[in-house]
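Accompanying notes for the structure given below.
Proteins come first, then strands; the chains are lettered A, B, ... in the order of their sequence lines, and each starts at number 1. Basis for what follows: all heavy atoms, side chains included, without hydrogens, waters or symmetry-related copies.
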Amino acid sequence: MKSPSYSINNLRELEAESIHIIREVAAEFENPVMLYSIGKDSSVMVRLAEKAFYPGKVPFPLMHIDSKWKFGEMIDFREEYTKDNGWNLIVHYNKEGFESGIGPYTHGSKVHTDVMKTQALLAGLEKYKFDAAFGGARRDEEKSRAKERIYSFRDKFHQWDPKNQRPELWNIFNAKVHKGESIRVFPISNWTELDIWQYIRLEKIPIVPLYYAKMRPIVEVDGSLILVDDDRMPKELRDKAKMKMVRFRTLGCYPLTGAIESEADTIEKIVEEMMTVTVSERTTRVIDFDQEASMEQKKREGYF
Amino acid sequence: MDIKEFLDQDQKKDLLRLLSAGSVDDGKSTLIGRLLFDSKKLYEDQLVALKRDSKREGHAGGDIDYALLLDGLKAEREQGITIDVAYRYFSTAKRKFIIADTPGHEQYTRNMVTGASTANLAIILIDARKGVITQTRRHTFLVSLLGIKHVVLAVNKMDLMDYSQEVYDNICRDYREFVTPLAIPDVRFFPISALKGDNVVDLSDNMPWYHGKSVLEFLESVHITSDRNFTDLRYPVQYVVRPGLDYRGFAGEVASGIIRKGDEIMVLPSRKTSKVKEIITYDGNPDYAFPPQSVTITLEDEIDVSRGDMLVHPNNLPKMERHFEAMLVWMDEEPMKQGTQFFIKHTSQSTKARIDLVRHLVDINTLEKKDPSNFGLNEIGRVVITTVKPLYFDAYKKNRQTGSFIFIDPVTHNTVAVGMIIDKLSSDELPSRIVDVDKEKIANGVGLISKSEFENSYQQKGSTIWITGLHGSGKNELAYTLQRSLFDMGAKVMLLDGKSVRFGLSRELDFSPTDRAEHMRRVAHLCKLMNDQGVLVICSFLSPDESIRDQVKEIIGIENFSLIYMDADIDFCRKNDQYSIYAKADEGKLKYLPGVDMDYHVPKQASLVLDSIEKEINLEKALFYIAENKIYPM
C-alpha cells in the first residue's frame, strides 16, 4: 500500500519549521517583536506569523526601523499591508539623526547606516524592552550567515559574539536570558531565495511593487542604478536621470540600493531571471562593499 | 518546460537534510563545494569574490579553493579551520538539500552532534590513502548515537590510489566490520574523487569496476519519508490560541504519529480524554495531520490543556516518568558539576533536573567505557536523571522528537548538555533515586550530598568559630551580633551557646569538670554534623580548660576550627556581670566558676585574640578574620 499522503514537500516542511519557531518564541519570551523591513523576506515571515496563530491574533507587534530614506513605495506598502491585516505596527526612527539631517548624500553610506539603521534599531529595542526580536535573515544570503543560529544570542549591548553562541539541536531552543540580554530569532533561516519566491507565488503574498520590472527614472552612480525617488537626491544627479526598465532584488534606502535592468514583471519571470542571471542577491546593496566581511562586522555591532 | 511548469515541479520536491563529516584533509569541503558548484547553485559573483579571496588567503595554490566557499567567519578564515556548524543549501531537479557542514577535529564532537541532530543522512569521508581511521570510527559512532538512519561512506581521493578496486574493497570490508554492531539501517559505499569529480555527480570512467550510483544520484533517490514515526501519536502543545472567549485551540507540531479529526485523545498529564473536533490551519481544516506539520487542534470537550501538555492516543501512551536513563553529550567549556539543578527542556516542556549518577563515559575513539569522574566538554556519558515534573517521553531510538532534551545551566543559561533517552530499564529497575553507591553511604550514615557540594552551593566553608573567655567578657554579645551580620550577608549560620544547649541537649549536666567535659563533647559533635552539611557554626562557651578545647578542636577537625579568645581581666568581667553570677559565687551559692573557684586557661594558640574593652571594633575584626580566611564568602 502506498502512503504518499504522509509526505511533505519542501516548502510545507520549511513552513512548518518556521511556524514552530515563531510559536516557541511567543510562548517563552515575555516581550517579543517582529522586525519588519518591508522586503520580500519580511513579507514571508509576517505571513508565517499570521499562520502560526490563526485564527487568533498574532501576540506581538511589528517594528519597522525607518531610516527616513526608504523608497516611498515601501512606506505606502507598509501602511496598507499592516492596516489591512490588523497588525500592531511600531515605526521607530532616530529622531536626533533625522533632525540633524543625517543622510547618505551628506554623510556617506557608512555614517548613515550606522546612525539611522544600527543605532535606531538598538534604541528601538531598548525603548520597548523587547527580549526577543524576529528577523528575516536567511543563512544562504551571505557567507557569514551560514553559521548563524536560529536563536542568536545578544548580550546587554545587543552585540553578537560568534564565539559565544549556544549549541542548537533538534528543534529545542534555549530561551533563557538574563535581564537586558536578548535573542534575535531567525525563523526563515533555512529558506533560500528561490524558496521565498516560490512561497510568495504559492501563497499570493503581496510584495512591494519595486520587485517587479517597470520603466523608472534611473541615475547611474558608481556603476549602481539608483532610482530618483524624491528630490533629496542632489540636483546634478537627478538631472542625469533616464527612464529604464528596471526592478530591485533587495530593498533598503533608495540611494544605497541599486536596481538591475530587467524585463521581469511577474514572479515567474523573476525566478526565471534569477535562475539564469549571474549576480547574487546582496551585491545590489551598496553597504556590503564598504569593507571586507562587512556584514559580519555590522552583525557584531548589532545590525542584524 | 516553461518556467511555470518548472516552479510547479520544484514545489513538489522534498527536502533532505544531510550531515557531512570529515576533516579538511579528507577533502570534505571540496566534496561539498563540488556538490554546490555542480548543481549550478553558485552565482557568478560568488565565484568572482572567491577568486579574489583565493589569491589573498588561499591554501590551494592557483586553483579555486572550494574550502574558501564554505568558511564563513573571518576569524576562522584566518585560522584556516572551520570551527562551527555551517548550513548550505542546494537543489537539483529532484530534491532540495540542506547540508550541515561540521569540522571533523577531535575537539568538535559538540559541532558534529549539533549538525547530526537534524540530519536524515550523513556523508562520512574516508581518505583512500589512510583507510578506516580513528576519526572515521568516531564520526560513525556519533552518527549512530544521534539516530541517523542513512550513511554514505565516501572513499575519497581514489585518484591518488590509481582508482584501485582492491584498495576500495579493503576499506569497505574494514568499515563493514566496524559498523555492523552499531545497527545503522542503511550504509552505502562510494569510491570517489571529490577533486576530480569522479562518481560525485556523474559516474566516472576511471572506475569501470564500480556499478553503483554516483553520490548525488543516491542523495536524490534515497527514501526518507518512512524514517519518520507515523505510529505513535505525540502532540506536544506549544501554545494556546484564544481568539474569542469560547474558543481554545491547541497549537503545536505533530511530533510523531497521525492525528485525525474525530480521534479519541488523552491529555497528559491530566489523563482526561476527549475527541479531536477540528484540525485547523490558515489554509483550511484537513482531516488529519502528520509530522512535521504545525497545526492547531480543537477538542469536543472543555478540558484544561496548557503548554507542555501532550495529546496522545489513549491506547498508545509514552512513558511518563520523573526518572530515566540517557546518553548525555557535554557541550560546555565548564565540566559537569554533580549536584547542580539544571533546567531541562524536552518537547514543549520545561522543568528542573539533576544527574543522579554517571554510569560511565564513552571513549569515542575506542567505544570503550571509561571512568566517569571527569565529565567535560565533548565527553559522552551514560547517566541517570531525575526531573522535578514528570516528562512524557519515548526512547530516542524510537522517537527522535520525544526522546531528546537539552540541559540549561541555572546560572549562565548556556545550553550545557544535550541528551538522548535510552529505552532500557523501566523506572523501577533503574538505580533508583537512591543509587547503589548511595546505599552504601546510607548504611554508613554518610550523607548523599558531599561537604564540598554543600559548600559550593552555599558559597561558604562548613566551619566552626569557637569563642572562649571568662563570664562577662562579652562572648555572647560578639557571637549574637556576628550571627546577625553573617546572616544578613546571606550566610547559613547557626549559633550555639551555654544557655541554649544546656536548656535541652545538656539538660542533665551540671558545671562540674566531668559534666563540663561531656557538655563540650556533645557540642563539638553537633558542630561537626553541621559543618559537614556546609553550615557555619558560631559557638560561645566559657570553655576554660585548654585540654578540653583541644579535644573539641580534634572532634570538629583542625581545618574547620577557629578559636577566638575574648581577653578581659576579671574586674572588667565582674563589672559586666548582668546576672550577678560572680556575687553568687563569692557568696558560695554557686560552684565551679572560673575566675573564682576554678582556673581559666588562657588559650596558647587562639586564631584571634580580641580585647573585650574594644567592643565596637571586635565585630569588625571577627568579620575581617572570617572573610580573610575565606570562611564566608568562600
Side-chain angles (χ1 to χ4, degrees), chain A residues 3 5-17 19-20 23-24 26-27 50-57 139-140 143-147 162-163 165-174 176-178 189-190 192 194-195 198 201-202 268-269 271-272 275 278-280 283 292-293 296, chain B residues 3-4 7 10-15 43-46 70 72-75 84-89 91 96 98 110 113-114 117-118 225 228 230 238-239 241-243 247 249 251-253 258 280-282 290 292-294 296 307 331 343 345-346 348 400-401 404-406 408 413-415 418:
Chain A
S3 59
S5 45
Y6 301 152
S7 67
I8 189 164
N9 72 45
N10 66 84
L11 282 180
R12 293 300 173 208
E13 184 171 339
L14 291 172
E15 178 189 65
E17 176 184 278
I19 289 175
H20 174 84
R23 287 169 171 174
E24 274 302 282
E50 290 164 359
K51 286 195 173 196
F53 303 101
Y54 177 86
K57 258 186 76 111
R139 285 174 179 149
D140 89 323
K143 271 201 275 185
S144 75
R145 286 189 178 168
K147 300 182 182 192
K163 301 250 183 265
Q165 292 296 315
R166 296 165 173 178
E168 207 164 72
L169 284 90
W170 301 290
N171 58 359
I172 310 177
F173 300 101
N174 176 352
K176 295 261 183 236
V177 287
H178 291 108
S189 283
N190 282 327
T192 64
L194 181 60
D195 297 330
Q198 279 279 31
R201 173 176 178 262
L202 186 70
E268 287 80 5
K269 286 184 195 165
V271 173
E272 190 168 29
M275 299 297 286
T278 52
V279 184
S280 101
T283 53
E292 180 105 332
E296 189 188 328
Chain B
I3 185 71
K4 276 206 167 73
L7 288 174
D10 183 77
Q11 272 171 24
K12 289 184 198 133
K13 291 180 201 168
D14 68 351
L15 183 61
Y43 297 143
E44 197 182 63
D45 79 322
Q46 282 182 329
L70 308 177
L73 303 179
K74 211 174 175 179
D84 213 331
V85 186
Y87 295 89
R88 327 271 171 205
Y89 302 82
S91 180
K96 287 199 182 179
I98 300 178
R110 170 168 62 172
V113 165
T114 301
S117 72
T118 49
T225 300
R228 290 208 167 95
F230 294 118
Q238 228 188 328
Y239 192 87
V241 180
R242 286 193 190 88
Y247 181 100
E253 183 181 292
I258 317 286
I280 292 165
T281 77
Y282 183 94
F290 56 91
Q293 290 181 323
S294 286
T296 298
R307 177 177 164 86
M331 309 288 269
F343 292 110
K345 197 172 173 196
H346 169 261
S348 57
R400 237 181 178 181
Q401 304 292 317
S404 52
F405 62 85
I406 64 172
I408 299 168
H413 289 173
N414 282 335
T415 303
V418 301

Report the option among [options] that has the most heavy-atom pairs separated by less than 4.5 Å from atoms of chain A.
{"options": "B:E253, B:H346, B:K13, B:Q238", "answer": "B:Q238"}
{"options": "B:A251, B:S117, B:G252", "answer": "B:S117"}
{"options": "B:K4, B:Q293, B:M331, B:K12", "answer": "B:K4"}
{"options": "B:P292, B:S294, B:G249, B:P243", "answer": "B:S294"}
{"options": "B:Y282, B:Y247, B:F343", "answer": "B:Y282"}
{"options": "B:I408, B:T118, B:D14", "answer": "B:I408"}

Pairs of heavy atoms under 4.5 Å with chain B: top-ranked of [options]:
{"options": "A:L11, A:N171, A:L14", "result": "A:N171"}
{"options": "A:V177, A:N9, A:L169, A:L202", "result": "A:L169"}
{"options": "A:K269, A:R201, A:E17", "result": "A:R201"}

Exercise for the section: Please round to the nearest 0.5 Å and tell me the distance separating atom OG1 of B:T281 and atom CD1 of A:I19. Expected result: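 Output value for this atom pair is 8.5 Å.
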
Problem - Nearest-0.5 Å distance, NZ of residue B:K96 to CG of residue B:D10 - result: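 The NZ atom of B:K96 sits 4.5 Å away from the CG atom of B:D10.
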
Handout entry: Cationic N near anionic O, under 4.0 Å, A:E24 to B:R307
Key =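 A salt bridge links A:E24 with B:R307.
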
Under 4.5 Å heavy-atom distance to chain B, tell me which part of [X] shows up: side chain, backbone, both or neither.
{"X": "A:D195", "answer": "both"}
{"X": "A:K51", "answer": "both"}
{"X": "A:E15", "answer": "side chain"}

Handout entry: Criterion side chain to side chain contact (heavy atoms under 4.5 Å, CB included) on B:T296 and A:Y54, from CA distance to verdict
Key = CA-CA 8 Å; B:T296 298; A:Y54 177 86; over 6 Å; no

Practice task
Test A:N190 against B:Y89 for side chain to side chain contact (heavy atoms under 4.5 Å, CB included), laying out the working first.
Solution key: CA-CA 8 Å; A:N190 282 327; B:Y89 302 82; 2.4 Å; yes

Exercise for the section: Please step through side chain to side chain contact (heavy atoms under 4.5 Å, CB included) for the pair A:R166 and B:I406, ending with a clear verdict. Expected result: CA-CA 11 Å; A:R166 296 165 173 178; B:I406 64 172; over 6 Å; no

Exercise for the section: Would you verify whether the NZ or CZ of A:R139 falls within 45 degrees of the ring axis of B:Y87 while also being under 6.0 Å from that six-membered ring's centre? Expected result: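 Yes.
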
Handout entry: A:E13 versus B:L15, closest heavy-atom pair with distance
Key =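 Taking A:E13 first and B:L15 second, the nearest heavy atoms are OE1-CB, 3.8 Å.
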
Exercise for the section: Report yes or no: does B:R88 contribute a side-chain atom to a donor-acceptor pair with the main-chain N or O of A:A146 at less than 3.5 Å? Expected result: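 Side chain of B:R88 to backbone of A:A146, a donor-acceptor pair under 3.5 Å: no, none is there.
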
Handout entry: Contacting moiety of B:L7, where chain A heavy atoms sit under 4.5 Å
Key =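 Both backbone and side chain of B:L7 come within 4.5 Å of chain A.
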
